[in-house]
There are 2 protein chains.
Amino acid sequence: MPVPEPVPESAPDRKPRKDATRNRAAALVAADRLFAHCESPESVTMADIAAAAGVGKATLFRAFGDRTGLIHALYAARLEPVARAIDEGPPPLGPGTPPLLRVPALLDAVLCFKLDNRHLALALEGIGGDSPYQAEHYRRWHGTLRAVLERIPGLTGADFTAHALLAAVRADLVEHLAGRQGLPRERMRADLTAFTAKVLSEGAASS
Amino acid sequence: MPVPEPVPESAPDRKPRKDATRNRAAALVAADRLFAHCESPESVTMADIAAAAGVGKATLFRAFGDRTGLIHALYAARLEPVARAIDEGPPPLGPGTPPLLRVPALLDAVLCFKLDNRHLALALEGIGGDSPYQAEHYRRWHGTLRAVLERIPGLTGADFTAHALLAAVRADLVEHLAGRQGLPRERMRADLTAFTAKVLSEGAASS
DNA sequence: ACAAGAAGCGGACCCTCGGTCCGTATCGTA
DNA sequence: TACGATACGGACCGAGGGTCCGCTTCTTGT
């Protein structure tokens with residue numbers, strides 16, 4: 001039977017309806033507020049978010065798939081400016097920066113981002129079950145950092161080094177030091193920068 | 001009224017009944033097996049453990065308080081030999097070791113422990129809600145490592161450095177590299193040792 | 001402008017899982 | 001052996017993620 005499908009080609013999804021996009025945005029805003037004010041990320045339930053957004057629970061799941069998807073979407077929205085600054089911004093974050101300068105800048109950017117979005121980052125990394133290492137965002141950070149590290153002459157094991165450096169800015173560690181122990185922001189940034197410098201110091205320790 | 005309590009002193013708990021200790025042991029054995037064979041730590045439920053141990057669920061909770069307590073007990077049992085080797089064993093792990101040698105030895109020990117008890121460590125650190133940084137075990141590792149680092153002349157920021165180094169052997173990172181990406185054990189140990197050396201190289205880089 | 005049908009809505013509902021309750025069985029002891 | 005204390009265990013509960021389905025709202029062809 002010649003089913004007259006118009007265009008079943010590679011774009012099976014048409015643009016969503018107006019109310020759908022509006023609800024999606026409302027959900028993101030509500031979730032953002034809830035995560036920002038909550039005590040711990042898991043005290044924010046999907047039902048809470050739905051209620052705060054004035055929306056049914058099913059709408060959340062339709063829009064984001066599951067809780068993980070919602071958190072990812074939130075995270076991506078917050079992260080976007082930082083990601084742009086890294087991909088196409090000016091030094092010291094952007095591409096045209098000497099590796100020995102760019103590595104500490106990248107890590108400082110990650111640290112500041114997590115300090116500014118503590119609960120959200122905590123929610124993302126604290127998702128039980130699948131580790132944060134399978135998340136798209138992590139692969140991106142790691143890929144970028146590794147690429148920069150590989151351009152440093154004399155430095156070996158760039159892949160593991162990138163993992164280890166990123167581990168130093170894990171959300172729960174940041175939360176523990178900055179939140180629980182009250183370590184001041186600038187102190188933590190300084191500590192991280194000093195640590196990074198130590199890691200990079202071997203071989204090319206000139207300045 | 002002269003209540004003739006024999007010894008109500010600082011030990012209000014008498015020794016447990018025979019079946020209680022037996023059941024506790026059975027639970028630990030069963031849980032150990034389940035965690036060792038499972039796909040992901042949260043696929044092991046308390047009901048599973050109870051069934052595998054041939055015991056009622058309530059018995060588990062009576063013996064360990066909650067799921068966290070059970071995992072902690074398991075972890076502690078596994079960790080005990082390593083902890084003894086660190087506290088009172090021979091070099092290079094034990095106390096009488098020069099700091100520059102002991103730090104990599106400590107980290108290697110942690111890494112090997114997590115490689116050998118991957119699922120268990122993953123279960124412990126992956127406990128949603130409270131971060132691993134509030135766990136007794138972590139404070140111990142961190143305290144020990146920091147103390148050793150502080151004895152290295154010229155090294156600053158021992159506290160943060162200890163956190164950062166321990167972050168490099170987080171259970172989920174180990175699982176990601178060794179388990180998911182198939183990185184060989186010896187390769188990972190070498191990478192970690194090289195990274196540690198870099199961190200320690202500044203200032204006292206003589207040998 | 002209007003009707004038809006697709007897309008979306010929402011809250012009642014289900015399921016799993018950690019944790020508790022309480023009647024019953026077992027242990028330790030006089 | 002008898003009696004109190006302790007432990008047992010499975011039915012039960014509440015919370016939270018995720019789904020179902022009858023109803024509403026948007027879009028589009030004419």
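Residue numbering restarts at 1 for every chain, and letters A, B, ... go by the order of the sequence lines.
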A.B. asks: Ring centroid separation for A:Phe195 and B:His163, is it under 6.0 angstrom?
C.D. replies: no
A.B. asks: Could you tell me the separation between the CG atom of A:Leu60 and the C1' atom of D:dG18, rounded to a whole number of Å?
C.D. replies: 11 Å
A.B. asks: Based on the rotation axes of five pairs at each end, what angle does the helix from C:dA1-D:dT30 to C:dA30-D:dT1 bend through, to 10°?
C.D. replies: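 Helix axis angle between the two ends: 10°.
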A.B. asks: Does a nitrogen or oxygen in the side chain of A:Asn23 sit under 4.0 Å from OP1 or OP2 of C:dC9?
C.D. replies: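 Checking A:Asn23 against C:dC9: at least one side-chain N or O falls below 4.0 Å of OP1 or OP2.
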A.B. asks: Looking at C:dC9, D:dG18, C:dT20, which one has an atom nearest to any side-chain atom of A:Phe61?
C.D. replies: D:dG18
A.B. asks: Run A:Thr161 and B:Lys198 through side-chain hydrogen bond (donor to acceptor under 3.5 Å, both in side chains) and show every step you take.
C.D. replies: CA-CA 10 Å; A:Thr161 303; B:Lys198 270 183 252 165; 3.0 Å; yes
A.B. asks: Rounded to whole angstroms, how far apart are CZ on B:Arg67 and P on C:dT20?
C.D. replies: 15 Å
A.B. asks: Going through the checks in order, is the salt bridge (charged side-chain N to carboxylate O under 4.0 Å, His left out) test met by B:Arg140 and B:Glu136?
C.D. replies: CA-CA 6 Å; B:Arg140 186 157 170 173; B:Glu136 175 59 28; over 6 Å; no
A.B. asks: What residue pairs, at least two apart or across chains, pass side-chain hydrogen bond (donor to acceptor under 3.5 Å, both in side chains) with a residue in residues 48-77 of chain A?
C.D. replies: A:Thr45-A:Asp48
A.B. asks: Give me the distances for all protein-to-nucleotides 1-3 of chain D N/O pairs that come in under 3.5 Å?
C.D. replies:
none

A.B. asks: One character per nucleotide, please: for nucleotides 21-30 of chain D, 5' to 3', B when the base has a protein heavy atom closer than 4.0 Å, S when only the sugar-phosphate does, - otherwise.
C.D. replies: ----BSS---
A.B. asks: Whole angstroms only, please: what is the CD1-P distance between B:Ile127 and C:dC17?
C.D. replies: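 Rounded to whole Å, this separation is 17 Å.
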A.B. asks: If you take any heavy atom closer than 4.0 Å to DNA chain C, which residues from residues 33-56 of chain A end up in contact?
C.D. replies: A:Val55, A:Gly56
A.B. asks: Is there a side-chain contact between B:Ile86 and B:Trp141 in this structure, where contact means two heavy atoms from C-beta onward sitting under 4.5 Å apart?
C.D. replies: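 The answer is yes; the side chains approach within 4.5 Å.
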A.B. asks: Identify the two heavy atoms, one from B:Cys38 and one from B:Ser43, that lie closest to each other, and give their separation to 0.1 Å.
C.D. replies: CB-OG, 3.8 Å
A.B. asks: In whole angstrom, what separates B:Lys57's NZ from C:dC21's P?
C.D. replies: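 So the NZ-P distance, B:Lys57 to C:dC21, works out to 13 Å.
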A.B. asks: Could you pull out the closest heavy-atom pair between B:Ala31 and B:Leu74, with the gap in Å?
C.D. replies: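 The answer is CB-CD1, 3.7 Å.
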A.B. asks: Looking only at side-chain N and O atoms, does B:Thr59 come under 4.0 Å of OP1 or OP2 in D:dA7?
C.D. replies: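 For B:Thr59, the contact criterion (side-chain N or O under 4.0 Å from OP1 or OP2 of D:dA7) is not met.
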A.B. asks: For the pair made of CZ in B:Arg24 and C1' in D:dC8, what is the distance, rounded to whole Å?
C.D. replies: 16 Å
A.B. asks: Working to the nearest 0.5 angstrom, can you tell me the gap between A:Arg151 CZ and A:Leu100 CG?
C.D. replies: 10.5 Å
A.B. asks: Charged N to carboxylate O below 4.0 Å: is that the case for A:Glu186 and A:Arg189?
C.D. replies: yes
A.B. asks: For A:His137, check side chain to side chain donor-acceptor pair (under 3.5 Å) against everything at least two apart and list the hits.
C.D. replies: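 A:His137: no side chain to side chain donor-acceptor pair (under 3.5 Å) contacts found.
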A.B. asks: For the residue pair B:Arg170 and B:Pro132, what are the closest heavy atoms and their distance?
C.D. replies: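 Of all heavy-atom pairs spanning B:Arg170 and B:Pro132, the closest is NH2-CG, 4.1 Å.
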A.B. asks: Taking CZ in B:Arg185 as the centre, count heavy atoms belonging to other residues, nucleotides or ligands within less than 6.0 Å. Is the count above 12?
C.D. replies: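 It does: B:Arg185 CZ has more than 12 such atoms within range.
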A.B. asks: If you measure from CG on A:Leu60 to CZ on A:Arg24, what distance do you get to the nearest 0.5 Å?
C.D. replies: 11.0 Å
